[in-house]
Protein chains: 2
Amino acid sequence: MGRVKVQKMPTIRRLPTYLYRLNEMRKEGTSIVATPELARYMDIGEIVVRKDLSITGVTGQPGVGYKIDELIAAIREFLGWNVETKAVLVGAGSLGSALIGYDGFEEYGLSIIAAFDRDPAKAGTVMRGRPVIDMVELEGFVRNHKISMGILCVPAAVAQDICDIMVKSGIRSIWNFANVALKVPADVIVQREVIAGGLALLSVKRLRHFAETDDEEE
Amino acid sequence: MGRVKVQKMPTIRRLPTYLYRLNEMRKEGTSIVATPELARYMDIGEIVVRKDLSITGVTGQPGVGYKIDELIAAIREFLGWNVETKAVLVGAGSLGSALIGYDGFEEYGLSIIAAFDRDPAKAGTVMRGRPVIDMVELEGFVRNHKISMGILCVPAAVAQDICDIMVKSGIRSIWNFANVALKVPADVIVQREVIAGGLALLSVKRLRHFAETDDEEE
DNA sequence: CGGGTTTAGATATTTATGTATCTAAATCTT
DNA sequence: AAGATTTAGATACATAAATATCTAAACCCG
Ligand SMILES: NC(=O)c1ccc[n+]([C@@H]2O[C@H](COP(=O)([O-])OP(=O)(O)OC[C@H]3O[C@@H](n4cnc5c(N)ncnc54)[C@H](O)[C@@H]3O)[C@@H](O)[C@H]2O)c1
Ligand SMILES: NC(=O)c1ccc[n+]([C@@H]2O[C@H](COP(=O)([O-])OP(=O)(O)OC[C@H]3O[C@@H](n4cnc5c(N)ncnc54)[C@H](O)[C@@H]3O)[C@@H](O)[C@H]2O)c1
């Protein structure tokens, strides 16, 4: 793994999709994959695929392709997904309950071991196999179980408060689905997920498409 | 609105976050906003904010800032969110049910007017105010209600099949949450949402952070 | 076995995106 | 009112990312 240049956001964002597809191919019994096939699946250029894969350190065989097992292992190692990350989720509402039970995350080394919610009707229940616990127990739970990641699925208005509790409890990585910029100490990493961003992109593409098909004169 | 350059994906992805914050400020009674404040909220540079806002065509006042009402209207118009988009959602599972009931989308001009599912236990029920309907009725429903957008929340394995039905029914925009590249005719626009991409980014940032705090020697 | 084909990986180029600098307009301060 | 401060918008520059070109290695086909 020659150099670890971590600025390439688009590449890193694409890695889970490669991983997903490679796992699928392995299940189908394939052991080698060449760039053109992956490029078709990803809907990007072949050269982009090669550059993407190269940051993991794997080398392929000219005229042949890459070994799927090697690629899977390398991507998982590059992302740190070869070791389990324990997470808690706060806000067992509609989005939270979707994430809690999502099987896909286990493949990514992410274990959401409990959810927390303020709602007394939810605390004490079990949601998709995971316990939903009252907020007052959050800090102790995080310390006892050495949780390193927090997933925020609460309304934006209270996200900063919950974030503060997470940080105080020792959590250093926060995956934030509330649309607010969280203020955190320098040693805490926050990833904000704006699902509506994709909708905006889709909307603009559609408008552009209409505009193109409309004016034949320009 | 001088020029509509639609290649700026990062800018467009950020627009919903501006919109969210601006709406919030309006509710608080503010009528003017200056770049530095937005930049702090977005956690990006001031100049990026000005460039982002400029693609909507609004002009601000030097020494003052932008009129919030104007900005909101301009962003909504730029994204086409000033007119309602009718959508159907297929796959009323964990993720699907989260999206169906999400209030935020209405602010973005998106109305999910019905969900469809293969599961006989779900078809015929009402989920968060929206009817869940059997798959056989999808095509007729889309034609009758002139639905223009489809939201895909089914397992990846069947996503292409559902996509084909959507296209056949007349849907031209597909918001795809399944991790597959869909094959569609040239006049159909697909936006693939890879939620795990954000997790990958968070993971790598964390690894890099550890690496930095570890080696003092290099 | 030999020529054509496929493909990885390196290098170079182009394009997209983010950042800095400067000017002028509005406001604030005194 | 005069100077200092804030800020938008234009221009220029720097960095990141995608794309093109080239070379050599493995394979395929006859
Ligand atoms: N639902 C979606 O499809 C969707 C999409 C994009 C973004 N989001 C964002 O995700 C977040 C959650 O959305 P949702 O639709 O799941 O909302 P929701 O109302 O269904 O769930 C919110 C949950 O947070 C809990 N909660 C509220 N305040 C709390 C507190 N102080 N401490 C602990 N728990 C608290 C509530 O009890 C509830 O269970 C929001 O910020 C929303 O903007 C949701
Ligand atoms: N749950 C999450 O947090 C999450 C996160 C990221 C991506 N995703 C993706 O979203 C998709 C859905 O995930 P989920 O967790 O909601 O799964 P799920 O199993 O909870 O829901 C899938 C739904 O699709 C329905 N369905 C299956 N086949 C169908 C068909 N042929 N026609 C119509 N409906 C059909 C099922 O009945 C079910 O209701 C998957 O592709 C998944 O990878 C989910």
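Note that the structure is a prediction, hence the values are computed from the model and not measured.
Minimum heavy-atom separation, B/V48 to B/Y18: O-OH, 4.3 Å. Between B/A196 and A/P16, the closest heavy-atom pair is O-CG, 3.6 Å.
A close approach under 4.0 Å does occur between a side-chain nitrogen or oxygen of A/Y66 and OP1 or OP2 of C/dG9. Between B/T35 and D/dA8 there is a side-chain N or O to OP1 or OP2 distance below 4.0 Å.
Residue A/M42 contributes atom CE, which lies 15 Å from atom P of D/dA17 at whole-angstrom precision. Remark: C1' of C/dA10 and CD of A/E46 are 16 Å apart, rounded to the nearest angstrom. Atom CG in B/L53 sits about 13 Å away from atom C1' in D/dT7, given to the nearest Å. Rounded to a whole Å, the CD1 atom of B/I12 is 13 Å from the C1' atom of C/dA16. Note: NZ (A/K67) to P (D/dA26) measures 12 Å, nearest angstrom. Remark: P of D/dA8 and CD1 of B/I32 are 10 Å apart, rounded to the nearest angstrom.
Among residues at least two apart or in separate chains, there is no ring-ring contact (aromatic ring centres under 6.0 Å, His included) pair with a member in residues 21-43 of chain B.
With sequence neighbours excluded, the residues forming a ring-ring contact (aromatic ring centres under 6.0 Å, His included) with B/F105 are B/Y102, B/W175, listed by chain and number. Here B/R14 pairs with B/D52 under the salt bridge (charged side-chain N to carboxylate O under 4.0 Å, His left out) rule; sequence neighbours left out. In this structure, A/E70 has no side-chain hydrogen bond (donor to acceptor under 3.5 Å, both in side chains) partners at least two apart in sequence or on a different chain.
With respect to A/E24 and A/R21, a salt bridge is recorded, a charged nitrogen being found less than 4.0 Å from a carboxylate O.
Side chain to side chain, B/T85 and A/R206 meet the donor-acceptor criterion of an N or O pair below 3.5 Å.
Put simply, the side chain of A/L71 reaches to within 4.5 Å of the side chain of A/V33, judged on heavy atoms.
The bend of the helix from C/dC1-D/dG30 to C/dT30-D/dA1, defined by the angle between the axes of its first five and last five pairs, stands at 20° to the nearest 10°.
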Across nucleotides 18-25 of chain C, 5' to 3', mark each nucleotide with B, S or - according to how protein heavy atoms within less than 4.0 Å reach it.
BBBB---B
